[in-house]
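As structure tokens, the structure follows; a few thoughts come after it.
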Amino acid sequence: MALPLPPGLTPAEIAFMCEMELVTVIPRQRLEGLDLLGGPTPPLNPPYRADLPLWLALLLKRQRRANISPPPWLNPQSLEAILRVETELSNQAFSPPAPLPPSIDPLLPNPAPPFVPSATYDAPADALPYHWLELGEILLEAASDDFETPDQVRRLLRDLREIRMEKLRKGAEVLDAGGGVKMNGVGAMEVGEGRAFITGVIDGLRKIGASKEQAKREREAEERENGFVGTAPEDEDEMEL
Amino acid sequence: MADISDILASVSHPASPPSTTDLHALTRAYTAERCAPDLLPYPSALMIRTLSRIRQQISTVEDLSASADSGTKSGFKLIVLQTELERWKWLVRGLLRARIAKIDRYPLHILQNQEADLSGEESEYLRAHQALLERHYGGSFLGAFPAALRRLDDTAGGISMVDGPDTDGAVFVRVLRDVGRVVQQSGDEGMEMKKGDVWVVRWSSVKELVARGDVELV
């Protein structure tokens, strides 16, 4: 009965989250608006575009009731521009993500992926969204006929994935237990893939350094008690060996 | 604090309906429970609303399928409604099962420190399960031990038998509001957390921020 899965989202769960992203469809049939649990859907009137969650768009696509309009960042020119940023401009960090939208209601938590429109017709074209890899793969598989050049897009996505994985692997060298590690622009699947390794390394380093950290805390407490600050000799470190 | 763009956005965008907000909250709760090292407080208000909506939708679907004249149009509508219903159920089930996994893993720790974070059913389950286990252990082998060695929650010798989660474990978080400097351990310079950032940090240093909704687990 208990969920027999390790902590952190598995690829299947990440794909499930990704299916809540809004995408733009071009309906081929009329469909009245539906009162779904997650809120009402817009009525579908061909040939007017409408934004629907990906899972519903896929259902319509499979039944040939609609076409999916790929988001602007999935066209070859945008992907090439992003690839250029990844290879030339930022050789360690990921390409910068689109900023989170301002919160609609200050009392509510700020919206975040998958509930910020990052795969609709009017999404930003110059940044990869959080679910870029899954969105790309799912759309290429289910709606490749809605792309003008699906093979080129597929190739560019593969290039992006390789260069970003390389960065993720290289990033392992700077992991340490003390401060946090900033990973802006990382994708959901990349978090999923890297999680076990990255948290494993950080937790491992922390456990190795635990006695040192403990000693430092004690020293600081002692200094506070004695009223001396910063006079402790540095060579106390040797005591831990 | 709300900055000017937030205020402008709240004026120009209509607020989303409460059920949409709840979908966002449930998705966030699911992800948080799957990623956090320890058990999070049970989101009781959210769960009550969600479960009653699911019950309502089930009866809507039943009514529709009873009255459907097997026309393709209402048939398709039914498929969409049912698909969405299954997705909600999947989220609820996953959230509860992730919680049970943690309850099973750290039963004594949760009984001693976190019982307030459980729902009524979870607390009942944990107590009944733990009582059964203790009776079984007692009957099958603990009874043969000297009386001083029979406890399951012994803390003698400075070592506790009670297993707890690693609250310093590293987690991935996304910052939803500027929260300023977060210090992970005394003496370090801290991290400047800005809206939109993704960080790998110790769970203990962001737990409060996650509870406040300034930061979310990813």
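Predicted model, so just to flag it, every value in this text is computed and none were measured. Chain letters run A, B, ... following the sequence lines, proteins first, then strands; residues in each count from 1.
Using a 4.5 Å cut-off between heavy atoms, R174(B) contacts chain A through its side chain alone, with no backbone atom that close. The contact between I198(A) and chain B is made entirely by side chain atoms (from C-beta outward), counting heavy-atom distances below 4.5 Å. With a threshold of 4.5 angstrom between heavy atoms, Y130(A) approaches chain B through side-chain atoms but not through N, CA, C or O. With a 4.5 Å cut-off on non-hydrogen atoms, T21(B) touches chain A through its side chain but not through its backbone. Of the atoms belonging to P40(A), it is side-chain heavy atoms, and not backbone ones, that fall under 4.5 Å from chain B. Both the backbone and the side chain of L9(A) come within contact range of chain B, with heavy atoms under 4.5 Å apart. If you measure heavy-atom distances from E216(B) to chain A, the contacts under 4.5 Å come from the side chain alone. With a 4.5 angstrom heavy-atom cutoff, E19(A) touches chain B via backbone and side-chain atoms both. Proximity to chain B (any heavy atom under 4.5 Å) is shown, for M20(A), by both the backbone and the side chain. The parts of L36(A) that come within reach of chain B are both its backbone and its side chain, each placing non-hydrogen atoms under 4.5 angstrom from that chain.
With rounding to the nearest 0.5 angstrom, the CG atom of L34(A) is 9.5 Å from the CD atom of E84(B). Of the inter-residue distances, the one linking E192(B) atom CD with K182(A) atom NZ reads 8.5 Å to the nearest 0.5 angstrom. Distance check, rounded to the nearest 0.5 Å: CZ of R65(A) to CZ of F76(B) gives 4.5 Å. Atoms CG and CG, on L37(A) and L85(B) in that order, are 6.0 Å from each other to the nearest 0.5 Å.
The side-chain heavy atoms of E33(B) and L3(A), taken from C-beta on, include no pair separated by under 4.5 Å.
Contact between A2(A) and D104(B) at its shortest, heavy atoms only, is CB-OD2, 3.8 Å. Closest non-hydrogen pair, W55(A) versus R87(B), comes out as CD1-NE, 3.4 Å. For the pair L91(B) and M17(A), the tightest heavy-atom approach, listed with the atom from each and the gap, is CD2-CE, 4.3 Å.
Within 6.0 Å of CZ in R105(B) there are 12 or fewer heavy atoms belonging to other residues, nucleotides or ligands. Counting heavy-atom neighbours within 6.0 Å of R64(A) CZ, excluding the residue itself, gives a total of 12 or less. Enclosure of atom CD in Q63(A) by more than 12 non-hydrogen atoms of other residues, nucleotides or ligands within 6.0 angstrom is indicated. Taking a 6.0 Å sphere around CD of E134(B), one finds it holds more than 12 heavy atoms contributed by other residues, nucleotides or ligands. The environment of OH in Y121(A) is sparse: at most 12 heavy-atom neighbours from other residues, nucleotides or ligands sit within 6.0 Å.
When R212(B), Q57(B), K102(B) are compared by the number of non-hydrogen pairs under 4.5 Å with chain A, Q57(B) comes out ahead. Between chain B and the options A112(A), G39(A), P4(A), heavy-atom pairs under 4.5 Å are most frequent for A112(A). Taking D214(B), D168(B), V173(B) one by one and counting their heavy-atom pairs under 4.5 Å with chain A, the maximum is reached by D168(B). The choice from L81(B), T27(B), V201(B), I54(B) that makes the most heavy-atom pairs within less than 4.5 Å of chain A is T27(B). Annotation: maximal heavy-atom pairing with chain B below 4.5 Å, among G194(A), A188(A), P114(A), P113(A), occurs at P113(A). Contact count versus chain A (heavy atoms, under 4.5 Å) is highest, among R53(B), H24(B), R93(B), for H24(B). Chain B forms the most heavy-atom pairs under 4.5 Å with one residue out of T199(A), V191(A), N184(A), D203(A), and that residue is N184(A). Between chain A and the residues V171(B), I103(B), I79(B), T31(B), the largest count of heavy-atom pairs under 4.5 Å involves T31(B). Heavy-atom pairs under 4.5 Å with chain B were tallied for L5(A), T10(A), I14(A); the largest tally goes to L5(A).
Side chain of T20(B) to main chain of G38(A): a donor-acceptor pair is present (N/O by atom type, distance under 3.5 Å, no hydrogens or angles).
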